[in-house]
Amino acid sequence: MFKTRNWRWHLALLCEAALAMIASALLLLFCLMLPTKQAGVCYDVFGYGLLPLLAAALACFAVRKGLHYYLSWLVPAPCFVLTSVLMIGVLPEPGMALLAVLLGFVGAAWGEERNRRERKKGGATWRKS
């Protein structure tokens, strides 16, 4: 039989959402502790640099754990937006969310490709194709 190392899809989805919310909350707390001018620059650096990279890593992680790649790239950006709205009451710039979606899509494709390569090598798989 096949060795499975995947989780159920709803568990992978919830873990991805929880990690996205926790990471964005910690980054926002760090930015809020800085003085006003530095906080704005820090928020832009995190919003345009770190959060999209985190979205790519989370999407790849979720696909590797068994979540379908069409669903995994959608989760991090709304979580980042929701965390920003809940913590500071302001919507982030649309470019931040769009960049997170774009890199989440790239991360999901990367995770799916890694799964396919493992399947070709005969490693652990989560599909019976």
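Since the model is a prediction, treat every value here as computed from it, not as a measurement.
- Pairs of residues two or more places apart, or lying in two chains, never qualify as side-chain hydrogen bond (donor to acceptor under 3.5 Å, both in side chains) while including a residue from residues 95-104.
- Here the closest non-hydrogen pair linking A23 and L54 is CB-CD2, 3.2 Å.
- For G111 against R64, the heavy-atom pair with the smallest separation is O-CD, 3.7 Å.
- The CG atom of L103 sits 12.0 Å away from atom CG of L58, with the distance rounded to the nearest 0.5 Å.
- In terms of hydrophobic clustering, with Ile, Leu, Val, Met, Phe, Trp and Tyr side chains grouped at heavy-atom distances under 4.5 Å, V106 and M96 are assigned to different clusters.
- Between V63 and S72, the shortest heavy-atom contact is CG2-OG, 3.1 Å.
- For E113, the salt bridge (charged side-chain N to carboxylate O under 4.0 Å, His left out) partners two or more places apart in sequence, or in a different chain, are R117.
- Between R116 and E112, at least one side-chain nitrogen of the basic residue sits less than 4.0 Å from a carboxylate oxygen of the acidic one, meeting the salt-bridge criterion.
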Exercise answer: donor-acceptor pairs, residues 78-85 side-chain atoms, under 3.5 Å, sequence neighbours excluded:
unit_1, atom_1, unit_2, atom_2, d
T83, OG1, S24, OG, 3.1
T83, OG1, C79, O, 2.7
S84, OG, Y43, OH, 3.3
S84, OG, V90, O, 3.0

- Test side-chain contact (heavy atoms from CB on, under 4.5 Å) applied to M87 and L29, step by step: CA-CA 9 Å; M87 288 186 68; L29 281 176; 3.6 Å; yes
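- Pairs passing the ring-ring contact (aromatic ring centres under 6.0 Å, His included) check and including a residue from residues 93-112, sequence neighbours excluded, read W73-F105.
- Counting only heavy atoms from C-beta outward, the side chains of E93 and D44 approach each other to under 4.5 Å.
- Scanning both residues, A100 and A55, for their nearest heavy atoms gives O-CB, 3.5 Å.
- Y48 meets the ring pair (Phe, Tyr, Trp, His ring centres under 6.0 Å) test with no other residue; sequence neighbours excluded.
- With side-chain heavy atoms closer than 4.5 Å counting as contact, directly or through intermediates, L14 stands alone and belongs to no larger hydrophobic cluster.
- Applying the side chain to side chain contact (heavy atoms under 4.5 Å, CB included) test to L71 and every residue at least two apart in sequence or in another chain returns W9, L13, L67.
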With a cut-off of 3.5 Å and sequence neighbours excluded, list every side-chain donor-acceptor pair involving residues 31-39.
none

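- The shortest heavy-atom contact between A108 and A59 is N-CB, 3.7 Å.
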